[in-house]
Structures are given as structure tokens and as C-alpha cells.
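Okay, so here's the structure we're looking at.
Residue numbers begin at 1 in each chain, while the letters A, B, ... track the order of the sequences.
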Protein chains: 2
Amino acid sequence: MWVKSQIVYEAILTAAEGEFAENGYVKATINNIARRAETSSSNVYVYFQSKLEIALAVYEPWFKNQILALEQSVSQKRTVERKLTCLLEGLWKSIPRDENRLTAMHIQALATATPRDPYSSELLRWTESKIAEILSGVFDKDEDPHNDYLAVAHMIMLTFDGVGMRQNLRQPLDRSGQMISQMVSMLARS
Amino acid sequence: MWVKSQIVYEAILTAAEGEFAENGYVKATINNIARRAETSSSNVYVYFQSKLEIALAVYEPWFKNQILALEQSVSQKRTVERKLTCLLEGLWKSIPRDENRLTAMHIQALATATPRDPYSSELLRWTESKIAEILSGVFDKDEDPHNDYLAVAHMIMLTFDGVGMRQNLRQPLDRSGQMISQMVSMLARS
DNA sequence: TCCCTCAAACGAATGCCATTCGATAATAAG
DNA sequence: CTTATTATCGAATGGCATTCGTTTGAGGGA
């Protein structure tokens, strides 16, 4: 059917995940990915249209898992403050600082993309809805001023992008702790 | 000494500003910059160590001016809410959406940099202090829990980075208005 | 006026990489 | 067994940052 060869396709994805994790988006090369997947760089283009497409294919499932796991963690906390802190620490610390640095690689990929590249904001929208839903659950009001939560979720995600972007650079100063507690207290006051 | 070098130096900076504004960081080429400055690409390396260095040299003065102008605008507003709105609209709308798109180009430059590249976070720190100072002035409390303002300033700047990063992509949905008013009301409640 | 030195300038590499091409090999279909 | 399609590969192609080796020309000293 459609799938050329499921095995090779997945070998490429796995190879790419390793390569991106080690080298980030810019320094990773299709040749290295091909070598890891035990095929040729030209053959990679039978399965993917571009380097960007590979990056997105690697990132999406990883990131969705991270978010779903985070949702779990948040739900296990008892108080509003703990829930909010858990959410923000996940998004502004744990996930972007994850070993494999896929967040930074994703940011690199998007930053170097042009408007003509095949990017869809579907994943971003999915994530923002999810966060809005979590926030809504934290305060559990059913009257649903959902738009407010979406706006906050959007800001949280833009900050997440910023954190990921700054991950590349050696940041001598880490203000994330203060930032999180500040934001938690502002949100909790709502 | 050669008076000429100053002239060429500035010709390169001007040329680079034009080139970066038109093409962003990634698509801009040293060759184009050299051509605009009426010199050769190799000669550019007499004045700058790398493409990144040029980008930062172009960005810094432009951005500082934007911030100083914004500080002015904020100071002319009368109420707390108007001041905050002015500040956030500047940082999350006007500056990143500026014609010349230098914000997006700066993000591209940083996102593609490696930790070994000659980046200093001095400008970021300067900006965050400035924003903290502005916030402090808005609420004009002299007791100065300055660290809280710095944390908020940091978050504002990370969001700014996120906005600039997303500028590359055609974003179909613009939630910046809601985001700003939401943030203003959260801050004003402090 | 004539050298001599050294910064400034340049054209031609170098090396790296995403992406494409053209040609085979393998496989499925009839 | 033939034919069409797919997968694979090695060898381009084209673009670009950066480096190299050499040349040029201004300024100071003789």
C-alpha cells in the first residue's frame, strides 16, 4: 500500500531521533541519519520530502507524550498552587531541558524554516487546547471563560519556545524558578 | 591610520541591515552583504569574525533604540493599565512585527548558534533590567522587591523570543490581543 | 623622491550539506 | 516470463560560510 517499507521508514525515524538529539537540527546531517539507518542519503528522500519534515515527524510523537505525561502529573497534585507549579515546571524546565534536547532542535527547525515550508500549526493548537483544558480543570469552573485560558496557554507556549530557544546558548543565569513562582501566584489570584 | 576602514565598516553594517531585513538571517548571504557594501565577501571577514557577529552588531543598536523609545511611550501614559498595555503591545506586537523583521532575524541567528559561538547575554540582561525598571515605575513602589520584577521581565522577554520565532511561520491565528489584555489584568492586580 | 611595511582588499579555493538525477536492482502483478 | 513500479544507490548540483595566498596602496622614514 502507501507505506513504502515500514521497516526502513522507522529505521530512519529512530536514526533521526538519535542524530537530532546529539547534534540539534542545524548540525545534524541527512548523511549521518542515513548512515545510522543503514541506507543512503538519497533514499531518505523517498520517505521524507525534506529535513524539516523528518524533524517534525520525530518531534510530534515525543512532544505529545511529554504533554500527556505532564497532564497526568498535574492531575495527581492536590492544591491549585501545586498543580500550577507542576504544569509550569514541566513546560518551562523539565521538557525543554530533557536529555535529548528535542525542544531546542524543534525550535531550530522552526526558526530556520521559511513560510513556504510544510509547517502546520496543528500541534501548537492541540497543545494550547490541552493546556487550556488543564488550567480549566485546575480552577474547575464550568462557566468556561475558555478564551481566557486559551490566551494564557498561548503565552505559556510562547515562553516555552523562548526557553527552548535560549537552551542553545550557555545561559549563565537561571531565573526560571522565580519566574515560575511569580506566574503561579499571579494565576492563582484569578 | 586608514580613515577608510571606518567607512567600510559602516558600509558593511548598513548593507547587512538591508540584507537581513529583506532575507532574514538564514537566507541572507555574506556575498550579498559584500555586494551591497561594494566590497568582497572575504574582505568582510577583515571587519567581522563571523556572520553571527554581523547580525548581533546590526541588531543591538536597533533594538536598544526600540526599547528606549518604548520606555518613552510608556512614561507618557497616565494609568497603570495603559502603561502596561503600552509596554506589552510594544514588546509583543510592534517591535517583533516591525517592517524590517530584525527580531525574527535575531531569533534565527540565536537559534542556529552553538554554545561556542561568541554570544553574550549582556543585551538580554540590559533589556530585562530596563523592563523591570519600567514595571517598577508603573507601580511606583520604592520598597523595591526588584527580583519579582526581574522575574516578570524575564518571562516577558522569553515570550518576546517566542513571538519573534513564530514570526517566520505564517500564523493563521492571532491571539496577541487577548494575551496582552489577560496579562495586563493579571499584572495590575498585584 | 624612493623604499618598506603592514593593513586592506580580492579572487580563488575549501569543505560542508541539502537536495536532485540517472541508472540499476528488486519486487509485484498479470 | 514480461512489464511496470518501487527502492536503492553513487554521483552530481548548487549554495554558502569561511580561509588562503597574493596583491595593492598609504604613510613614515631615508
Can B/Ser176 and B/Asp174 be said to form a side-chain hydrogen bond (donor to acceptor under 3.5 Å, both in side chains), step by step?
-> CA-CA 6 Å; B/Ser176 58; B/Asp174 179 16; 2.7 Å; yes
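- Candidate nucleotides C/dA8, C/dT19, D/dT8 were compared by shortest atom distance to the side chain of A/Ser41, and C/dT19 ranks first.
- In this structure, the side chains of A/Trp92 and A/Thr159 come closer than 4.5 Å at one or more pairs of heavy atoms.
- Going from atom CG of A/Asn31 over to atom P of D/dG10 covers 11 Å, rounded to whole Å.
- As judged by a 4.0 angstrom heavy-atom cut-off over every strand, B/Thr29 is placed among residues touching the sugar-phosphate backbone only.
- Contact annotation: the side chain of A/Leu84 approaches that of A/Leu135 to within less than 4.5 Å [non-hydrogen atoms, C-beta and beyond].
- Tested against A/Tyr25 for a side chain to side chain contact (heavy atoms under 4.5 Å, CB included), the candidates A/Arg101, A/Lys51, A/His106 yield a single pass: A/Lys51.
- Using a 4.0 Å heavy-atom cutoff across all strands shown, A/Ala34 reaches no nucleic acid atom at all.
- A/Lys51 has its NZ atom 11 Å from the C1' atom of C/dC16, to the nearest Å.
- For the pair B/Tyr47 OH and D/dT18 P, the computed distance is 18 Å after rounding to whole Å.
- For A/Ser40 against D/dG10, a side-chain-to-base donor-acceptor contact under 3.5 Å is absent.
- Of all the heavy atoms in B/Ile30 and B/Tyr45, the pair that sits closest is CG1-OH, 3.7 Å.
- Residues B/Tyr47 and B/Leu13 fail the side-chain proximity criterion, which asks for heavy atoms closer than 4.5 Å.
- Atom-to-atom, CZ of B/Phe48 to P of C/dA9 comes out at 13 Å; the value is rounded to the nearest Å.
- Taken over five-pair windows at either terminus, the axes of the helix from C/dT1-D/dA30 to C/dG30-D/dC1 are inclined to one another by 10° (rounded to 10 degrees).
- Side-chain proximity of B/Ser42 to C/dA8, D/dC20, C/dT20: nearest is D/dC20.
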Show me the donor-acceptor pairs, under 3.5 Å and distance only, between side chains in residues 69-80 of chain A and residues at least two apart or in other chains.
| residue | atom | partner | partner atom | Å |
| --- | --- | --- | --- | --- |
| A/Ser73 | OG | A/Ala69 | O | 3.2 |
| A/Ser75 | OG | A/Gln72 | O | 2.7 |
| A/Thr79 | OG1 | A/Arg82 | N | 3.1 |

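- The hydrophobic clustering, which links ILVMFWY residues whose side-chain heavy atoms are closer than 4.5 Å, places A/Leu173 and A/Met165 apart.
- Regarding contacts with the backbone of D/dA7, every side-chain N or O of A/Thr39 stays at 4.0 angstrom or more from both OP1 and OP2.
- Contact check, B/Tyr9 against C/dA8: no side-chain N or O comes under 4.0 Å of OP1 or OP2.
- Spacing between atom CD of B/Gln108 and atom P of D/dA17 amounts to 13 Å, rounded to whole angstrom units.
- Here D/dG25 presents its P atom at 14 Å from CG of B/Asn43, a figure rounded to the nearest Å.
- A heavy-atom distance below 4.0 Å to DNA chain D is reached by none of the residues of residues 11-22 of chain B.
- One can place CD1 of A/Ile30 at 9 Å from C1' of C/dT19, the figure rounded to the nearest angstrom.
- Distance alone, capped at 3.5 Å, places no donor-acceptor pair between the B/Gln108 side chain and the A/Thr112 backbone.
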